[in-house]
Participant: 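Sharing a structure with you now.
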Amino acid sequence: SQQGEEDPQALSIQEGENATMNCSYKTSINNLQWYRQNSGRGLVHLILIRSNEREKHSGRLRVTLDTSKKSSSLLITASRAADTASYFCATDDTNDYKLSFGAGTTVTVRA
Amino acid sequence: NAGVMQNPRHLVRRRGQEARLRCSPMKGHSHVYWYRQLPEEGLKFMVYLQKENIIDESGMPKERFSAEFPKEGPSILRIQQVVRGDSAAYFCASSPQQGQDGYTFGSGTRLTVV
């Protein structure tokens, strides 16, 4: 069953602006991961945040995790045209080992 | 380190034919997972295998689909008598241990059934 739900479904921003997307999930998790997928391509692992972490940074990416609300956010700062892609959150449940993906947020960065 | 290798990248099959998708995990990874992505959707788990064992096939359709991960060679996802609804991107991921966070995905095989 689908675990993560991303919001919004689609986002269009100007180059240089920040992009924020959210993910909600339903069960207890070991970790939550964010992936990027360019059109017609495979998935690229962006960042992983464990259940005992609240915030993590990697370059222009900032991820937060609120386990009490079962939600996470991904912030991309100073966006570039190359950031145009679909972004997926995936959860690694405590009772399972499979990754459960949401339907994704499609981000378009306008030059 | 070549990463997870999937082939072919694109596969076209007529209805009723068989599709065989291959996945070679990363070196040192003994756990393989197959996921399917329908257009405009996220990835859905299909099956989890270790060498010579199917650990969890709860996401596999009951008929026409099978998977194996032999002692030697790549993991194979086999779809018999393909139908139009099987058209999707099929991704393979590998990890060094079960439940570990070191999942690495391949570039996928895009199956088109005509």
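In what follows, chains carry the letters A, B, and so on, assigned in the order in which the sequence lines appear, proteins first and then strands, with residues in each chain numbered from 1. Values in this document were obtained by computation on a predicted structure and should not be read as measured data.
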Participant: For atom CZ of A/Arg110, decide whether the heavy atoms of other residues, nucleotides or ligands shown that lie under 6.0 angstrom number more than 12.
Facilitator: yes

Participant: Verify the neighbour count for atom CD of B/Gln17: are there more than 12 heavy atoms of other residues, nucleotides or ligands below 6.0 Å?
Facilitator: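 Check passes, neighbour count above 12.
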
Participant: For B/Gln6, which atoms come within 4.5 Å of any heavy atom of chain A: side chain, backbone, both, or neither?
Facilitator: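 Answer is neither: B/Gln6 stays 4.5 Å or more from chain A.
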
Participant: For A/Arg54, does the CZ atom have more than 12 heavy-atom neighbours from other residues, nucleotides or ligands under 6.0 Å away?
Facilitator: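 Yes, enclosed.
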
Participant: Kindly work out whether a path of hydrophobic side-chain contacts (I/L/V/M/F/W/Y, heavy atoms less than 4.5 Å apart) joins B/Ile54 to B/Leu77.
Facilitator: yes

Participant: State whether the number of non-hydrogen atoms from other residues, nucleotides or ligands found under 6.0 Å of A/Gln9 atom CD is greater than 12.
Facilitator: no

Participant: Could you grab the distance from atom OG of A/Ser86 to atom CD of B/Glu41, nearest 0.5 Å is fine?
Facilitator: 12.5 Å

Participant: Report yes if the side chains of B/Phe105 and A/Gln37 come closer than 4.5 Å at any heavy-atom pair, otherwise no.
Facilitator: no

Participant: Under 3.5 Å, is there a donor-acceptor pair between the side chain of B/Tyr35 and the main chain of A/Leu99?
Facilitator: yes

Participant: Going by heavy atoms in the side chains, are A/Gln33 and B/Tyr103 under 4.5 Å from each other?
Facilitator: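 Yes, close enough: below the 4.5 Å cut-off.
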
Participant: Among A/Ala90, A/Gly104, A/Gly42, which residue has the highest count of heavy-atom pairs closer than 4.5 Å to chain B?
Facilitator: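 Looking at each of A/Ala90, A/Gly104, A/Gly42 in turn, A/Gly42 comes out on top.
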
Participant: Treating B/Arg110 as the side-chain partner and A/Arg41 as the backbone partner, does any N or O pair qualify as donor plus acceptor under 3.5 Å?
Facilitator: yes

Participant: Look up atom CG in B/Leu43 and atom CG in A/Leu43, then write down how far apart they are to the nearest 0.5 Å.
Facilitator: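 Interatomic distance, B/Leu43 CG to A/Leu43 CG, rounded to 0.5 Å: 5.5 Å.
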
Participant: More than 12 foreign heavy atoms under 6.0 Å from CD of B/Glu63: is that the case here?
Facilitator: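 Not buried by this count: 12 neighbours or fewer within 6.0 Å.
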
